[in-house]
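Below is one structure, written out as structure tokens; the observations come after it.
We count residues from 1, following the sequence as given. Please read all numbers here as calculations on a predicted model, not as lab measurements. Note that these values count all heavy atoms, side chains included, but never hydrogens, waters or copies made by symmetry.
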Amino acid sequence: MDRNRRTRPLAAVLAAALAAGGLIAATQTAEARPHATTTATAASPAASADTELVRNGGFETGLDGWSCTSGSGAAVTSPVHAGTHALKATPAGGDNARCSQTVAVRPDSAYTLSGWVRGGYAYLGASGTGTTDTYTWTPSAADWQKLTTTFRTGPATTSVTLYTHGWYGTPAYHADDLSLIGPGGDPVTIPAAPTGLTAGTPTPSSVPLTWRPVSGATGYTVYRDGAKALSTTGTSATVTGLAAATSYTFQVAATNSAGESPRSPAVTARTADDETPGPGPQLPAHALVGYLHASFANGSGYTRMADVPDSWDVVNLAFGEPTSVTSGDIRFALCPRTECPNVETADEFKAAIKAKQAAGKKVLISIGGQNGQVQLATPAARDTFVSSVSKIIDEYGLDGLDIDFEGHSLSLNTGDTDFRNPTTPVIVNLISALRTLKARYGPDFVLTMAPETFFVQLGYQFYGSGPWGGQDPRAGAYLPVIHALRDDLTLLHVQDYNSGPIMGLDNQYHHMGSADFHIAMTDMLLTGFPVAGDAARFFPALRPEQVAIGLPASPNAGNGHTPPAEVHKALNCLTRKTDCGTYQTHGTWPALRGLMTWSVNWDRFNGWEFSRNFDAYGWR
């Protein structure tokens, strides 16, 4: 939240860094990264059992044997290195135009991989070798250029995946006459049907599933009522977008390069009733959340607590801020009279809070904001955070806490790559502190969070510094906090503003200020998504009653203001499956909690347009 009206979008800052030359460092993938040492070396003499293992390496029969991401590849007749066809693959957006093929190999054996490429950045590599995965690359080739690399399989490796790919935002590349020479492995066979399929505790819109791993499987397909629901590489998945109080039948099949197994025995699960309350404090079925500039004016004028209209169900006091970035010592004070001449006294402020609470409203202290950087890097800072926040809550008789950490408050250390098991101290200590506060105040304690899209939805593409380092370590950094506290979290209202373009689950970039952006960003939270594209690290969906959409109250309040008609379209799409435009959601969520805005003060400055339109929407 910007107490100085506007912040530079984090995603835009990242984009600027990429455009300035950081593209390669900030978008490295597990397949390859530019400027790494090429592993092309002279191959050892081929053994008598060596043979050509690539199927359709010259692309003479189109893409037979090959799989290319997002339709990025095609067989073309010109230019070609030999024969009549070659591969042309075009990177686009967050897709690097990866084309791959899995081949059977023998354990502990030597292989030589080669191929001809031309055009933009082009990579040739092998993954799943069981030793050190290898690749070679060229930044550009005006004419056909041969790439060669070698590898040795591990003691238990029976298949490897060969791939080509380009680089993000670069021109198309061509590949032809790809070859893998070495001893052939036993043919890959279709795996057995999975066993042990079990349904966990359903929500009104989702069912979690687990099953036992299957030998030889490289992935799994989940079926709902006989139709494909999703694919994953792990042995668990959450099927979302379901109707409340409805029974569904699920099966799962194992897959590999040979095909798909028979389906598992079916299990049936019934989603929970819509009326089933989630854990924690009860809010109105559809709530309006607003930030109140209690400690500063910010050009919009000071609004006294007693003057906040009844439209607002949750009022977040902005802001509690630390005495220093790493102290954990949070302080809150009312706006000084020199800045806010109409500020009430502390006693009047506390009395107004009690009146709001008597009317069924919740009043929270919000920690952070643009200027309030908080880094709980040590246990001492964690403990100070708990004690100082408790003091504020107790002094003003508040209902809970809102976490609005921005800027550099949260980032992930290099090597911290699994949101389910974070190791970075500032992340681990924050989770611990919030759990302690929740336990101290009990089940009625309200816990909300207001991260920016950079810290949440960007995690679909990038997480932390990435497997090779070089990315912005703040990317997706809220995900481990949200995930660890999902059972204690009352509301997540991501700031759908001050944001650069963010890729949605349709693998298209979405831009703030329209219904489309809010639909795509909210669908990600209510559907779940693989973190950094890794299906084995899937961020599960939140319950719809835990999610509100964050918006600026007026054009003055922040970049990305959305006109009321567009806000209504977003709500219609998410709760009624109408007015969805081109983006297709993965479900319908009538229990979506509501809207959050920055801020009550800016809404007053704009004639209460935001809150009036919320009330007029017709869902109360």
Side-chain angles (χ1 to χ4, degrees), residues 28-33 36-58 64-67 98-117 122-138 146-165 175-194 212-220 232-235 254-261 415 417-418 467-468 534-537:
Q28 292 161 352
T29 68
E31 294 98 331
R33 54 177 175 162
T37 302
T38 300
T39 56
T41 57
S44 57
S48 59
D50 288 356
T51 186
E52 175 59 65
L53 301 178
V54 175
R55 173 182 170 184
N56 187 30
D64 180 38
W66 295 91
S67 175
R98 188 178 193 268
C99 297
S100 61
Q101 179 179 138
T102 300
V103 300
V105 295
R106 292 197 176 278
D108 197 24
S109 300
Y111 293 86
T112 299
L113 174 64
S114 65
W116 294 81
V117 298
Y123 292 77
L124 176 66
S127 62
T129 63
T131 54
T132 301
D133 291 349
T134 183
Y135 65 88
T136 180
W137 68 290
T138 178
K146 189 174 184 179
L147 299 178
T148 302
T149 186
T150 63
F151 62 90
R152 190 171 192 89
T153 53
T157 303
T158 57
S159 67
V160 298
T161 298
L162 316 177
Y163 63 82
T164 63
H165 69 74
D176 201 0
D177 299 323
L178 304 184
S179 170
L180 181 67
I181 301 297
D186 296 329
V188 178
T189 59
I190 294 175
R212 298 189 185 99
V214 177
S215 176
T218 57
Y220 300 89
T232 180
T233 58
T235 55
T255 60
N256 62 17
S257 59
E260 184 175 288
S261 77
T417 59
D418 186 352
W468 304 102
D534 185 349
R537 294 178 176 176

List the residues meeting side chain to side chain contact (heavy atoms under 4.5 Å, CB included) with Asp108, not counting sequence neighbours, and say none if there are none.
Arg152

Is a side-chain N or O of Asn256 found less than 3.5 angstrom from the main chain of Thr189, in a donor-acceptor match?
yes

Taking salt bridge (charged side-chain N to carboxylate O under 4.0 Å, His left out) as the definition, give me every residue that meets it alongside Arg212, ordered by chain and number, with sequence neighbours left out.
none

Where do Ser114 and Leu124 come nearest, in terms of heavy atoms and distance?
C-CD2, 3.5 Å

Tell me, with the steps shown, if Thr157 and Phe151 meet side-chain contact (heavy atoms from CB on, under 4.5 Å).
CA-CA 12 Å; Thr157 303; Phe151 62 90; over 6 Å; no

Heavy-atom closest contact (Thr417 atom, Arg537 atom, distance)
O-NH1, 2.9 Å

Scanning both residues in full, the closest heavy-atom pair of Thr148 with Lys146 reads OG1-CE, 3.8 Å

Without swapping roles, check the side chain of Thr255 against the backbone of Gly219 for a donor-acceptor pair under 3.5 Å.
yes

Side-chain H-bond candidate by donor/acceptor type, Thr161 with Thr102, under 3.5 Å
yes

Would you check if the side chain of Arg106 reaches a backbone N or O of Gly185 as a donor-acceptor pair within less than 3.5 Å?
no

Test your reading of the model: is there a side-chain donor-acceptor pair from Asn56 to the backbone of Gly65, 3.5 Å cut-off?
no

Would you check if the side chain of Tyr135 reaches a backbone N or O of Tyr163 as a donor-acceptor pair within less than 3.5 Å?
no

What I'd like to find out is whether the side chain of Leu162 reaches to under 4.5 Å of the side chain of Leu113, using heavy atoms alone.
yes

In Thr134, Thr112, Thr136, the residue satisfying side-chain hydrogen bond (donor to acceptor under 3.5 Å, both in side chains) with Thr149 is Thr134

Considering all heavy atoms of both residues, which atom of Gly259 and which atom of Pro191 are nearest to each other, and what is their separation?
O-CD, 4.2 Å

Considering all heavy atoms, the nearest Tyr220-Pro213 contact:
OH-CA, 3.4 Å

Side chain Gln101, main chain Arg55, donor-acceptor under 3.5 Å
yes

Residues passing the side chain to side chain contact (heavy atoms under 4.5 Å, CB included) test with Ala122, sequence neighbours excluded, are Val117, Thr138, Tyr173

Do side-chain atoms of Ser109 reach the backbone of Pro107 as a donor and acceptor pair under 3.5 angstrom?
yes

Which heavy atom of Ala192 sits nearest to which heavy atom of Val214, and what is that distance?
O-CG1, 3.3 Å

Distance, nearest 0.5 Å, that separates CG of Leu178 from CG of Leu53:
13.0 Å

Going through the checks in order, is the side-chain contact (heavy atoms from CB on, under 4.5 Å) test met by Tyr111 and Val160?
CA-CA 11 Å; Tyr111 293 86; Val160 298; over 6 Å; no

State, yes or no, whether a side-chain contact exists between Arg98 and Thr164 at a heavy-atom distance under 4.5 Å.
no

